[in-house]
Structure formats: C-alpha cells, structure tokens
Amino acid sequence: DVKVTQSSRYLVKRTGEKVFLECVQDMDHENMFWYRQDPGLGLRLIYFSYDVKMKEKGDIPEGYSVSREKKERFSLILESASTNQTSMYLCASKQGNSPLHFGNGTRLTVT
Amino acid sequence: AQSVTQPDIHITVSEGASLELRCNYSYGATPYLFWYVQSPGQGLQLLLKYFSGDTLVQGIKGFEAEFKRSQSSFNLRKPSVHWSDAAEYFCAVGDTDKLIFGTGTRLQVFP
C-alpha cells in the first residue's frame with residue numbers, strides 16, 4: 001500500500017515565521033502535490049512536482065514555495081507565515097494515471 | 001473554464017436509506033473522474049474512479065457512480081447507507097497531470 005507521510009499533524013506558528021511542511025512517500029512516485037483545504041472551498045492546488053528539482057505552480061502559489069531535492073520528499077515552505085495561511089495542508093503523490101494518494105494532513109495555525 | 005460543482009453542501013440521511021451525491025463538471029475534453037471520502041482528521045481516500053469504458057463504476061464500501069456525458073455529471077450512489085459512511089465526500093475531475101476538486105458534500109447519518 002502506498003504511504004504518504006506528513007511529518008506533523010498539528011502546527012502552531014507565529015506571524016512572520018518561516019514554516020516547513022514535510023511530506024514523504026514510499027512508492028517511488030514521480031508526481032507530488034501540495035493542496036490546502038478550507039471549509040467551503042474544497043481543495044486548492046498550491047504547487048506540484050513531476051520530478052526531482054522540478055516544480056510547477058498550482059492555482060494558489062502566492063506566499064508559498066516548494067523544494068524537491070529527493071524523489072520521495074516534497075516540502076512546502078511558507079517564507080513568512082500570515083494568519084490567512086491558517087489551513088489544513090494535504091500532500092499527495094501519484095504515478096502516471098494512478099489516482100492521488102493522500103497523507104493525513106497538517107493542520108497549521110498561524111497566530 | 002474548468003470547474004467542478006457539488007451543489008449539496010450538507011446532506012442528512014437515515015441509516016439504511018439510499019444516497020445520491022451530485023457532481024457536475026465543466027471540462028474541455030472527457031476527463032478522468034474521481035470520488036474521494038474524508039473522515040474527520042484524515043486525508044482523502046479514493047472511493048472510485050472513471051477513466052473510460054463502462055459508465056457505471058463500482059467502488060469500495062458499496063459505492064457506485066455513473067458517468068453521464070450528456071449531463072456532464074458523475075453522481076455517487078449507495079443503496080443503503082451505514083452510520084460509518086458519515087464523512088465528507090469530494091468529487092474531482094482532471095487529467096493525468098492534476099485534478100480539480102469540488103467543494104465537498106458533508107454527509108450526516110442518523111440512526
């Protein structure tokens with residue numbers, strides 16, 4: 001079974017802090033994704049990556065960056081956290097036409 | 001523009017009753033179609049998918065969905081709901097690169 005692991009279930013950060021959200025998958029998937037989930041808005045794509053060191057902007061990339069130095073790891077970075085980035089963040093991976101496999105999410109609160 | 005609409009934000013049914021969750025989409029070509037379920041505090045789990053072929057697809061947990069091209073719909077159904085089906089359900093459409101998610105339908109089940 002594919003396992004997508006997000007290192008933190010809950011995070012509380014202060015405004016202006018640099019925040020790292022980590023995601024690791026164990027199935028050698030080429031494609032990895034970061035979504036944020038907000039009530040009434042569903043899931044919105046922040047960034048995705050097709051391969052190591054490659055990244056593509058999703059629908060809402062502003063205020064975020066990503067890093068993919070190794071195939072299994074995809075990090076989401078909030079350069080300077082703001083309160084409007086309080087949200088649930090979901091990482092996912094897939095290979096080719098396979099469906100997305102999701103992690104359990106990181107609930108981030110920025111105060 | 002590409003979009004997914006789940007018109008029902010919240011649905012309440014009695015245990016044992018039938019269920020239909022609606023999903024309509026706007027997409028340039030025939031998309032890949034998915035239904036995911038999210039239990040509280042968890043990531044998203046794939047219920048079923050449609051790529052091509054038979055327009056009635058079977059999924060896990062007794063769910064099925066029917067692709068109707070003429071109506072641009074992919075409604076999810078279950079003949080008899082169980083209390084454990086209470087969760088949030090997301091319809092998603094897309095291609096091999098990325099998915100667009102609906103805003104979700106929260107299902108509540110009464111005993």
Side-chain angles (χ1 to χ4, degrees), chain A residues 1-10 21 23-25 27 29-51 54-61 66 74 87-108, chain B residues 1-10 21-26 29-53 57-60 63 65 74 76 87-107:
Chain A
D1 234 10
V2 177
K3 192 167 179 66
V4 179
T5 303
Q6 295 183 232
S7 54
S8 303
R9 292 298 304 272
Y10 300 94
L21 303 184
C23 175
V24 177
Q25 49 94 4
M27 282 303 290
H29 285 175
E30 289 185 352
N31 303 332
M32 296 189 74
F33 303 79
W34 275 106
Y35 289 87
R36 67 175 280 176
Q37 181 181 9
D38 300 287
L41 297 178
L43 277 72
R44 294 178 291 167
L45 182 63
I46 305 171
Y47 267 97
F48 59 106
S49 169
Y50 292 127
D51 202 349
M54 296 187 69
K55 60 184 179 184
E56 297 282 344
K57 292 181 179 179
D59 300 318
I60 52 164
V66 290
F74 192 38
S87 186
M88 169 72 90
Y89 290 87
L90 292 166
C91 176
S93 72
K94 76 182 191 78
Q95 180 75 21
N97 289 342
S98 75
L100 286 171
H101 296 268
F102 284 87
N104 283 336
T106 297
R107 185 166 295 281
L108 173 67
Chain B
Q2 300 169 349
S3 65
V4 180
T5 301
Q6 292 181 249
D8 304 306
I9 297 172
H10 187 199
L21 302 183
R22 295 182 290 166
C23 174
N24 294 94
Y25 65 88
S26 173
T30 300
Y32 298 152
L33 298 158
F34 305 83
W35 275 99
Y36 284 85
V37 60
Q38 184 181 35
S39 298
Q42 302 296 315
L44 276 69
Q45 179 186 20
L46 179 70
L47 280 177
L48 48 79
K49 62 184 184 291
Y50 172 79
F51 287 174
S52 64
V57 294
Q58 303 296 321
I60 63 171
F63 285 93
F74 189 57
L76 181 72
E88 189 153 22
Y89 293 80
F90 291 92
C91 179
V93 304
D95 54 28
T96 55
D97 291 336
K98 56 180 181 171
L99 296 184
I100 303 167
F101 284 83
T103 52
T105 297
R106 182 166 297 280
L107 175 66

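Given the structure is predicted, the values throughout are model-derived calculations rather than measurements. Within every chain, numbering begins at 1; the chains are lettered A, B, ... in the order of the sequence lines, protein sequences first and strands thereafter.
Proximity to chain A is absent for every atom of B:Ile9, based on heavy atoms less than 4.5 angstrom apart. Interface residue A:Gln37: only side-chain heavy atoms are found under 4.5 Å from chain B. Heavy atoms of B:Leu99 lying under 4.5 Å from chain A belong to its backbone as well as its side chain. Using a 4.5 Å cut-off between heavy atoms, A:Arg44 does not touch chain B at all. Neither the backbone nor the side chain of B:Gln45 comes within less than 4.5 Å of any heavy atom in chain A.
In terms of modelled atom types and a separation under 3.5 Å, the side chain of B:Tyr36 and the main chain of A:Leu100 share a donor-acceptor contact.
When B:Lys98, B:Lys49, B:Arg106 are compared by the number of non-hydrogen pairs under 4.5 Å with chain A, B:Lys98 comes out ahead.
For B:Phe90, there are no ring pair (Phe, Tyr, Trp, His ring centres under 6.0 Å) partners at least two apart in sequence or on another chain.
With values rounded to the nearest 0.5 angstrom, A:Leu43 atom CG is found 10.5 Å from B:Thr103 atom OG1.
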